[in-house]
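Single-structure report; data block below.
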Amino acid sequence: GKALPIEMVRIDLTTNTTIYKTITGTISNASVYWSYSFDSTGAFYLGLNSNNRKIYRFNLKDSIQFENLGNGFLNSGTLAYSLSLGRDKHVYFGGSSGSTYWSEYDPETGNFLQHPPIDQNNDYVLSIMGDSSWVYAQVGQKNSIDLWAIRKADDYKIKLFSIPIIPVLITVSVKMPLY
């Protein structure tokens, strides 16, 4: 009846050993794990949902090492909805839950760079990818599905294309036999 912290389990199939570690600062529930991505070192990043809204970095090479990176966005209520490894070896995070914030994490320096929303008319960053100069993000699920290019140096944006969401009216006709 009471939610407990998340527990990570590492199973080494070579040595037949199992390690357990409680992830402090978390609370489990059915939708706590949202999205993940790996970086170029083999570490993986896990975006948590529900009461957590944090991003954790894990290294499972020899043990269970983890670091709570915090929320990662300018708005602390934002969920790390989409994650990916960029061509510049940074990890990119796209947000949801009210706005399209995005951020990037440099595993080499441990620094987060947080950025303003991409598109105030939509709610989700559905996918995100970056390189040393630009970020490309697909946003949508409110008014349209759009692809944006954002220059990292100054957050200058270009909408590359847009597909409007058009409400569809579905009618059902049922024919009853006459007796």
Side-chain angles (χ1 to χ4, degrees), residues 3-12 14 17-29 31-119 123-139 148-157:
L4 298 173
I6 298 168
E7 187 171 55
M8 176 70 71
V9 179
R10 180 185 181 273
I11 302 170
D12 187 324
T14 304
T17 58
T18 305
I19 301 170
Y20 298 86
K21 188 173 270 190
T22 300
I23 310 303
T24 56
T26 64
I27 298 174
S28 64
N29 86 19
S31 68
V32 71
Y33 303 112
W34 194 257
S35 188
Y36 71 93
S37 183
F38 287 88
D39 70 15
S40 61
T41 70
F44 75 93
Y45 299 76
L46 183 61
L48 301 180
N49 190 13
S50 304
N51 297 321
N52 297 283
R53 297 285 164 106
K54 298 172 187 161
I55 300 167
Y56 279 79
R57 182 177 190 259
F58 291 91
N59 178 344
L60 304 178
K61 290 181 182 172
D62 299 318
S63 63
I64 300 175
Q65 297 174 348
F66 69 91
E67 179 182 4
N68 178 352
L69 300 177
N71 176 264
F73 297 99
L74 289 173
N75 175 338
S76 65
T78 300
L79 166 67
Y81 188 83
S82 56
L83 292 73
S84 75
L85 175 63
R87 292 181 54 128
D88 57 355
K89 298 184 181 178
H90 290 189
V91 181
Y92 291 88
F93 301 92
S96 76
S97 301
S99 196
T100 55
Y101 289 97
W102 71 279
S103 62
E104 64 181 295
Y105 179 76
D106 182 348
E108 188 174 310
T109 64
N111 291 331
F112 252 113
L113 298 172
Q114 301 170 331
H115 297 270
I118 298 166
D119 181 354
D123 291 333
Y124 294 85
V125 179
L126 302 169
S127 63
I128 189 165
M129 172 55 97
D131 61 31
S132 59
S133 301
W134 291 85
V135 168
Y136 304 92
Q138 178 190 10
V139 302
W148 290 88
I150 304 104
R151 188 170 47 215
K152 290 168 48 172
D154 58 4
D155 288 318
Y156 171 76
K157 301 180 292 190

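All values derive from a computational prediction rather than experimental measurement. The figures that follow rest on heavy atoms only: side chains count, while hydrogens, waters and symmetry mates do not.
Atom OG of Ser63 sits about 11.0 Å away from atom CG of Asp12, to the nearest 0.5 Å. Atom CD1 of Ile64 sits about 8.5 Å away from atom CZ of Phe58, to the nearest 0.5 Å. One finds the CZ atom of Phe66 at 6.0 Å from the NZ atom of Lys21 (value rounded to the nearest 0.5 Å). Between the OG atom of Ser82 and the CG atom of Leu126 there is a distance of 7.0 Å, given to the nearest 0.5 Å. Atom OH of Tyr45 sits about 3.5 Å away from atom CG of Asp39, to the nearest 0.5 Å. For the atom pair OH of Tyr20 and CE of Met8, the computed distance is 13.0 Å after rounding to the nearest 0.5 Å.
For Val139 against Asp119, the heavy-atom pair with the smallest separation is CG2-OD2, 3.6 Å. The two atoms that bring Tyr81 and Gly95 nearest to each other are CB-C, 4.1 Å, heavy atoms only. Residues Gly47 and Ala80 approach most closely at CA-CB, 4.2 Å, considering heavy atoms. Here the closest non-hydrogen pair linking Thr24 and Tyr56 is O-OH, 3.0 Å. Leu74 approaches Gln114 most closely through the heavy-atom pair CD2-OE1, 3.5 Å. The heavy-atom pair separating His115 from Asp155 by the smallest distance is ND1-OD1, 2.8 Å.
Atom CG of Asp62 has 12 or fewer neighbouring heavy atoms from other residues, nucleotides or ligands inside a 6.0 Å radius. In Arg151, the CZ atom is crowded: over 12 heavy atoms of neighbouring residues, nucleotides or ligands sit closer than 6.0 Å.
A distance-only check finds a donor-acceptor pair linking the side chain of Thr26 to the backbone of Ile6 [under 3.5 Å]. Between the side chain of Lys157 and the backbone N or O of Ile118, at least one donor-acceptor pair lies under 3.5 Å. Asp106 contributes no side-chain N or O that, together with a main-chain N or O of Asn111, makes up a donor-acceptor pair within less than 3.5 Å. In this structure a side-chain-to-backbone donor-acceptor pair under 3.5 Å is missing from Arg57 to Glu67. Formation of a donor-acceptor pair under 3.5 Å by the Lys89 side chain with backbone atoms of Ser40 is not found in this model. Looking at Asn71, its side chain does come within 3.5 Å of a backbone N or O of Thr78 through a donor-acceptor pair. The backbone N or O of Ile128 lies less than 3.5 Å from a partner atom in the side chain of Ser84, making a donor-acceptor pair. Using modelled atom types, one side-chain atom of Lys54 and one backbone atom of Gly25 make a donor-acceptor pair closer than 3.5 Å. At distances below 3.5 Å, not a single donor-acceptor pair connects side-chain atoms of Arg10 with backbone N or O atoms of Thr17. In this structure, Tyr92 contributes its side chain and Asp131 its backbone to a donor-acceptor pair below 3.5 Å.
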Test Arg53 against Ser97 for side-chain contact (heavy atoms from CB on, under 4.5 Å), laying out the working first.
CA-CA 10 Å; Arg53 297 285 164 106; Ser97 301; 3.1 Å; yes
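Looking at heavy atoms from C-beta onward, Ser99 lies out of side-chain contact with Asn75 at the 4.5 angstrom threshold. Here the side chains of Leu113 and Lys152 are not in contact, with every heavy-atom distance at 4.5 Å or above. When side chains are defined from C-beta on, Trp148 does not count as touching Trp134, because their heavy atoms never get closer than 4.5 Å. Counting heavy atoms from C-beta outward, Ile23 and Pro5 have side chains that stay 4.5 Å or more apart.
Between Phe73 and Phe93, the ring planes are perpendicular. Angles over 60° get that label, and only those under 30° would be called parallel.
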